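Only one structure is covered here, and it is reproduced in the block below.
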Amino acid sequence: MESATTVKSDTQSWIKPFLADSDRFVYDQFTDPTRDSLMRGKFPPTFAWGVATAAYQIEGAWDEDGKGPSIWDVYSHKEGNVYQNHNGDVACDSYHKIDEDVKMLKELKVSHYRFSLSWARILPDGTVKTVNQSGLTYYRNLIDRLLEANIQPMVTLYHWDLPQALQDAGGWENDTTIVHFNNYADLCFRELGDKVKLWITFNEPYEFIREGYETGCLAPGLEHQGTTVYRVAHNVIKAHAKAWHTYSNTYRERQNGYVGITLVSNWPIPASDSKTDIEATERFLQFMLGWFAHPILVNGDYPEIMKQDVLRKSREQGLTSSRLPTFSKNEKTLTKGTADFLGLNYYTTRRVRHAASPALPAGYMEDQDLKYWHDQDWPTSGASWLRPVPWGFRKLLHWIKERYGNPPLYITENGYCDSGADADKERQLSDNDRVKYYISHISELLKACRLDGVDVRGYMAWSLMDNFEWSDGYSYRFGLYHVDFDDQNRPRTAKTSAKVYSRIIQDNGFPEME
Ligand code: PNW
């Protein structure tokens with residue numbers, strides 16, 4: 001990888017080893033000159049470059065210094081929930097490795113680091129009755145070290161690890177959790193907000209709600225079909241809005257920061273030119289992204305399509321009212337416009353077609369009357385759900401710009417995994433497939449920014465280092481840095497992708513040859 005350290009004027013030559021046979025394309029599968037050519041050029045001068053992680057996936061120290069258990073501690077300790085019963089008890093041991101983590105960030109030359117706070121590390125039972133000072137101290141130390149290194153923290157309040165004590169009281173199904181979340185957010189703004197200017201309330205509500213409450217693949221592992229997901233989402237949206245108002249009312253003027261939310265979306269493409277398949281792609285987007293983006297960014301209410309479809313299905317099931325809850329007039333007013341920016345996580349694209357589901361069973365998927373999959377000739381990764389489709393990223397960004405009035409956007413996650421089961425470290429370190437993923441997606445982002453006028457402010461790669469990939473344990477690796485989980489010191493080693501990403505950061509994109 002000497003090429004990643006060559007001088008600036010060689011920008012085009014360092015990229016070459018990662019391209020397909022033609023200079024212009026990254027993937028053999030995608031060679032449409034108008035769609036797939038790499039774009040050269042720079043991002044705006046103030047563009048934020050960073051990497052992302054999440055507390056449960058990296059910290060370890062699951063019961064140290066007064067931390068309370070979270071739903072992920074409980075879920076992963078229960079046999080059969082996670083691949084080979086892996087858990088986050090130690091993970092990357094980041095609780096004890098601030099130095100090592102900051103060293104990597106400095107090496108990468110990022111301007112931003114997105115990480116999450118463990119709610120139960122700060123508030124062991126989830127409520128402000130007991131504040132665990134050691135938890136706050138850990139995050140204060142991390143933030144101070146970042147600022148010393150001129151790296152801005154971007155802090156996620158909730159990346160899926162609800163305190164177990166709140167789950168025992170019903171978790172996100174219970175609307176008192178909204179109050180507890182707001183108290184927690186308030187405490188974090190008060191204690192850390194003089195140094196943190198970018199806050200994210202929730203990471204991917206779509207994902208933790210769908211998989212946590214309906215498929216059972218994520219904590220708390222419930223399999224309640226059709227109603228619970230909507231009720232939980234309703235509470236999460238209200239909790240987000242409440243925390244945003246808390247910031248606005250009490251902290252904004254003094255702290256001058258921004259509060260947003262991170263949503264995940266795939267890009268859907270129709271299986272045919274038929275009207276029904278094209279309409280199915282719209283439903284796909286509205287149920288995945290619009291479910292949260294529409295109330296928060298548009299009008300305080302769910303997308304019309306979603307309201308109609310869930311109501312129609314509910315009636316077919318003999319119910320008198322919709323399984324999708326309604327917002328009161330006051331709640332709409334309180335929810336609308338509660339994001340200073342939108343965080344977007346993009347990983348993949350899906351092929352979608354209309355497919356009518358029977359009236360029963362009731363379910364979130366069934367409500368949409370569609371099927372989705374990946375084209376078999378698209379490039380692959382270590383995970384069956386993730387196939388790189390870079391052009392889908394640009395299309396999604398364009399759709400968001402048009403639908404939501406070009407909100408300020410941060411890409412808060414984008415990344416590629418290979419199989420962690422491959423124990424050959426040398427092979428893990430020469431991660432050319434990950435490099436291809438980053439080059440192609442950042443190039444599409446550049447097109448969105450420069451050609452389509454999307455208001456994108458920054459890009460966070462997922463992830464800084466290999467970590468605990470939820471139900472897949474350590475079997476998937478997403479890191480720019482390799483972590484040896486068999487070594488108790490959890491040594492971190494830069495992969496080729498870390499060097500390439502750092503190069504892109506220093507060039508602020510892909511400048512033309514000088
Ligand atoms: C995210 N999809 O989940 C999470 O925010 C991270 O914690 C996680 O480690 C990372 O992505 C990799 O999985 C995703 O449907 C959930 O495309 C769903 C999708 C993508 C990412």
Side-chain angles (χ1 to χ4, degrees), residues 50-59 70-72 75-76 82-83 86 88 91-92 94 114-118 154-162 200-212 214-215 217-219 236 260-269 284-285 287-289 291-292 343-352 364-365 368 372-374 378 380-390 392-393 396 410-420 434 437-438 441 460-480 483:
V51 288
T53 61
Y56 188 73
Q57 296 182 272
I58 66 163
E59 283 180 5
S70 79
I71 54 173
W72 268 95
Y75 182 82
S76 69
V82 175
Y83 174 83
H86 291 170
C92 307
S94 284
R114 174 180 180 234
F115 60 95
S116 82
L117 307 179
S118 158
M154 176 185 249
V155 176
T156 311
L157 290 168
Y158 189 85
H159 202 123
W160 305 359
D161 46 356
L162 187 75
I200 291 165
T201 53
F202 289 91
N203 178 69
E204 297 187 356
Y206 164 85
E207 191 63 19
F208 81 78
I209 294 169
R210 264 275 295 151
E211 307 285 348
E214 198 165 271
T215 69
C217 295
L218 294 175
V236 168
I261 185 166
T262 281
L263 304 178
V264 61
S265 191
N266 300 164
W267 176 250
I269 50 170
F284 180 99
L285 278 165
F287 270 80
M288 189 170 195
L289 180 59
W291 188 6
F292 305 94
L344 177 72
N345 294 353
Y346 171 82
Y347 286 87
T348 198
T349 283
R350 308 277 188 172
R351 182 77 69 178
V352 174
Y364 166 86
M365 271 315 299
Q368 298 174 60
Y372 62 78
W373 63 92
H374 282 119
W378 290 346
T380 56
S381 79
S384 60
W385 64 266
L386 201 177
R387 282 178 179 248
V389 187
F393 188 25
L396 175 64
Y410 283 90
I411 306 310
T412 42
E413 285 179 30
N414 176 237
Y416 177 88
C417 76
D418 28 36
S419 168
R434 181 168 294 100
Y437 189 94
Y438 281 123
H441 285 76
M460 311 290 134
W462 183 272
S463 177
L464 170 60
M465 61 190 143
D466 297 336
N467 57 48
F468 177 79
E469 178 54 21
W470 308 113
S471 303
D472 296 305
Y474 300 97
S475 71
Y476 292 172
R477 292 180 181 268
F478 271 94
L480 293 165
V483 177

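What you see is a predicted model; the values in this text were computed from it and never measured. Just follow the structure's listing: the first ligand is 1, and inside any ligand the first atom is 1.
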Kindly state whether the ring of Y372 and the ring of F284 have centres lying under 6.0 angstrom apart.
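Yes: the rings meet the under 6.0 Å criterion.
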
Verify, without hydrogens or angle tests, whether S471 (side chain) and C217 (backbone) share a donor-acceptor contact under 3.5 angstrom.
yes

Taking D466 for the side chain and G479 for the main chain, is one N or O donor matched with an acceptor at less than 3.5 Å?
yes

N/O to N/O under 3.5 Å, ligand 1 against protein:
residue: ligand 1; atom: 3 (O); partner: E204; partner atom: OE1; Å: 2.9
residue: ligand 1; atom: 5 (O); partner: H159; partner atom: NE2; Å: 3.4
residue: ligand 1; atom: 5 (O); partner: N203; partner atom: ND2; Å: 2.8
residue: ligand 1; atom: 5 (O); partner: E204; partner atom: OE2; Å: 3.4
residue: ligand 1; atom: 5 (O); partner: E413; partner atom: OE1; Å: 3.0
residue: ligand 1; atom: 5 (O); partner: E413; partner atom: OE2; Å: 2.9
residue: ligand 1; atom: 7 (O); partner: Q57; partner atom: OE1; Å: 2.8
residue: ligand 1; atom: 7 (O); partner: H159; partner atom: NE2; Å: 2.8
residue: ligand 1; atom: 7 (O); partner: W470; partner atom: NE1; Å: 2.9
residue: ligand 1; atom: 9 (O); partner: Q57; partner atom: NE2; Å: 2.9
residue: ligand 1; atom: 9 (O); partner: W462; partner atom: NE1; Å: 3.3
residue: ligand 1; atom: 9 (O); partner: E469; partner atom: OE1; Å: 2.6
residue: ligand 1; atom: 11 (O); partner: Y347; partner atom: OH; Å: 3.1
residue: ligand 1; atom: 11 (O); partner: E413; partner atom: OE1; Å: 3.1
residue: ligand 1; atom: 13 (O); partner: E469; partner atom: OE2; Å: 2.6
residue: ligand 1; atom: 17 (O); partner: N266; partner atom: ND2; Å: 2.8

side-chain contact (heavy atoms from CB on, under 4.5 Å) partners of D472, counting only residues at least two apart:
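Residues passing side-chain contact (heavy atoms from CB on, under 4.5 Å) with D472: E469, S475, Y476.
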
Tell me every residue that passes side-chain hydrogen bond (donor to acceptor under 3.5 Å, both in side chains) with H374, counting only those two or more places apart in sequence or in another chain.
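H374 satisfies side-chain hydrogen bond (donor to acceptor under 3.5 Å, both in side chains) with T348 once adjacent residues are dropped.
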
E207: what forms a side-chain hydrogen bond (donor to acceptor under 3.5 Å, both in side chains) with it, not counting sequence neighbours?
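Residues passing side-chain hydrogen bond (donor to acceptor under 3.5 Å, both in side chains) with E207: none at all.
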
